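Beneath this line is the structure, given in structure tokens, with notes to follow.
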Amino acid sequence: MTEQGMLRVAIVGTGAIAHAHAGVLAADPLADVVAVADPNPAVRDAFADEFDVAGRYDSLDDLLAAGLVDVVHLCTPPGLHKDQAITALRGGAHVVCEKPPVLSLADLDAVLEVAREVGREYAVVFQQRTGTAVGHVQRLLADGTLGRPLVGVCHTLWYRKQEDYYAVPWRGKWATEGGGPLLGLGIHQLDLLAFLLGEWAEVDARAFRLDRDLETEDTSTAVIRFANDAIVSVLTTALSPRQVSYVRVDTSLGTVEVEHLYGHDARAWTLTPAPARTGGEPDAAPSSWALPADDEPSGHTPLLRAVYAALRSGEPLPAVAADPHRSLELVTAIYASASLGRPVTKADLAPGSTLRDGFLHGIEDLRPA
């Protein structure tokens with residue numbers, strides 16, 4: 001960091017998601033994007049021209065060798081994240097990494113160990129945790145204002161075509177994407193669900209290949225029991241033409257719902273009190289349930305703002321960027337349960353477990369012959 005508090009930033013990978021990062025950073029007067037790296041010169045230079053970035057490199061190694069940066073943003077394919085994160089951390093930079101962070105819990109352990117060793121931060125982009133509304137609802141659930149969580153639903157019903165989305169060479173393959181829609185798409189809603197309900201206890205799941213020509217699944221189902229004994233049904237797919245992301249939690253006092261696609265604001269959230277009697281009309285919602293009038297949507301803006309505030313102050317990462325293990329544990333447990341044909345518990349993923357080494361591949365192929 002410079003004496004004036006300016007953070008020098010590099011973005012590695014200049015595809016679509018990098019634009020979200022660069023747009024937020026451009027609005028931060030104390031963040032200076034000084035370099036980008038991408039092996040594709042045409043894509044890299046077009047991006048650098050758009051955001052007026054002087055430093056342009058073929059690789060992260062070349063970028064780090066050219067001079068110091070304070071923060072490296074990884075907007076690269078998932079299979080590259082572990083090695084790139086460790087390289088950037090050892091190069092003296094904090095790291096902001098797009099999801100999924102890595103391809104196994106063991107890889108995440110390795111990255112976090114290096115971050116602790118060198119005294120740098122490793123923040124993962126799970127932007128569904130952010131926004132005024134979700135912060136308000138999370139607090140109401142955590143302090144018991146909404147009652148005891150009982151049951152819920154977590155749906156990622158998205159649509160990805162074979163001929164464009166899965167034509168990208170690294171997608172749909174275990175070695176390069178790490179998993180299918182569960183890891184690449186559904187992890188957003190799983191992360192939001194875990195942000196609302198806390199730690200999980202047990203997962204019972206199945207994974208299917210129903211239509212797309214992939215190595216991985218295109219659809220998965222799971223039942224998650226959380227540590228607070230709430231039971232949530234999870235459905236994740238890339239086969240739903242009418243796309244929706246939907247999380248619902250029914251508590252002893254009411255129902256919390258958020259329905260959106262790629263981001264939410266207060267209009268996407270509904271809090272419905274339980275009726276005073278069976279079959280009756282819902283009671284009026286208590287004033288404490290009211291969503292804040294000063295609303296900010298979820299997204300990269302509130303997440304990166306909170307991360308950069310922590311980096312400048314030296315404080316720990318905020319809740320919206322901490323604990324990257326939660327959603328990755330759920331993904332690991334779902335794949336493991338589907339493969340092993342039995343429920344998987346939190347204890348099954350304890351340090352030293354071989355299940356931490358990667359995602360199991362127990363996919364039921366139900367495509368027509």
Side-chain angles (χ1 to χ4, degrees), residues 1-38 44 47-48 50-78 80-102 108 110-127 129-130 299-324:
M1 189 185 305
T2 66
E3 291 182 3
Q4 295 78 26
M6 182 72 72
L7 287 166
R8 296 159 298 189
V9 184
I11 297 177
V12 182
T14 54
I17 198 61
H19 288 74
H21 290 245
V24 175
L25 294 168
D28 185 341
L30 293 178
D32 184 15
V33 180
V34 298
V36 297
D38 195 302
R44 179 192 65 220
F47 180 90
E50 179 180 353
F51 293 100
D52 193 23
V53 182
R56 307 175 184 198
Y57 301 94
D58 291 332
S59 69
L60 173 61
D61 288 336
D62 292 343
L63 185 155
L64 293 173
L68 291 176
V69 294
D70 300 302
V71 189
V72 169
H73 287 234
L74 297 180
C75 300
T76 48
L80 302 177
H81 287 172
K82 176 197 171 185
D83 290 344
Q84 289 180 334
I86 289 174
T87 296
L89 289 164
R90 292 203 181 280
H94 302 291
V95 172
V96 177
C97 183
E98 268 295 332
K99 64 79 198 167
V102 287
L108 183 58
V111 172
L112 292 174
E113 179 58 31
V114 171
R116 286 189 290 268
E117 176 189 327
V118 301
R120 293 294 181 267
E121 296 291 352
Y122 175 70
V124 178
V125 177
F126 284 120
Q127 72 269 24
R129 299 184 197 179
T130 65
H300 284 70
T301 297
L303 188 143
L304 293 181
R305 183 179 64 239
V307 167
Y308 271 67
L311 296 182
R312 292 185 179 109
S313 68
E315 296 293 319
L317 289 175
V320 293
D323 301 320

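Values below: all heavy atoms of this structure, side chains included; hydrogens, waters and symmetry mates excluded. Remember, predicted model here, so these are calculated numbers, not experimental data.
Between atom CG of residue L74 and atom NZ of residue K99 there is a gap of 14.0 Å, rounded to the nearest 0.5 Å. If you take CG on D38 and CG on L63, they are separated by 11.5 Å, rounding to the nearest 0.5 Å. Between the CG atom in L60 and the CG atom in D83 there is a gap of 10.5 Å [rounded to 0.5 Å]. Distance check, rounded to the nearest 0.5 Å: CG of L311 to CG of L30 gives 12.5 Å.
At a threshold of 4.5 Å between non-hydrogen side-chain atoms, the residues D323 and F126 do not count as touching. Using a 4.5 Å cut-off on side-chain heavy atoms (C-beta onward), I86 and V111 make contact. Considering only heavy atoms from C-beta on, H21 comes within 4.5 Å of V125 through its side chain. Here the side chains of H300 and I17 are in contact, with some heavy-atom distance below 4.5 Å. The side-chain heavy atoms of V69 and V9, taken from C-beta on, include no pair separated by under 4.5 Å. Side chains of I11 and F47 form a contact here, defined as non-hydrogen atoms less than 4.5 Å apart.
The backbone N or O of V36 sits nowhere less than 3.5 Å from a side-chain atom of R44 that would complete a donor-acceptor pair. Proximity of a side-chain donor or acceptor of R120 to a complementary backbone N or O of G91 within less than 3.5 Å is not detected. Of the possible donor and acceptor atoms, one in the side chain of T130 sits under 3.5 Å from a partner among the backbone N and O of G299. In this structure, the side chain of H81 engages the main chain of T76 through a donor-acceptor pair within 3.5 Å.
The pair R8-D32 does not count as a salt bridge, with every side-chain nitrogen at least 4.0 angstrom from each carboxylate oxygen.
Smallest separation of non-hydrogen atoms from K82 and A110: CE-CB, 4.2 Å. When all heavy atoms of P316 and A310 are compared, the closest pair comes out as O-CB, 3.6 Å. E121 approaches L89 most closely through the heavy-atom pair O-CD2, 3.8 Å. Heavy atoms only, all atoms of each residue included: V124 and P101 are closest at CG2-CB, 3.7 Å. Smallest separation of non-hydrogen atoms from A31 and M6: N-SD, 3.4 Å.
H73 and Y308 have tilted rings, their planes meeting at an angle from 30° to 60° on a 0 to 90° scale.
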Chi angles and distances behind the salt bridge (charged side-chain N to carboxylate O under 4.0 Å, His left out) call for D28, R312: CA-CA 13 Å; D28 185 341; R312 292 185 179 109; 3.0 Å; yes
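Listed by chain and number, the residues in a side-chain hydrogen bond (donor to acceptor under 3.5 Å, both in side chains) with D62 are S59 (sequence neighbours excluded).
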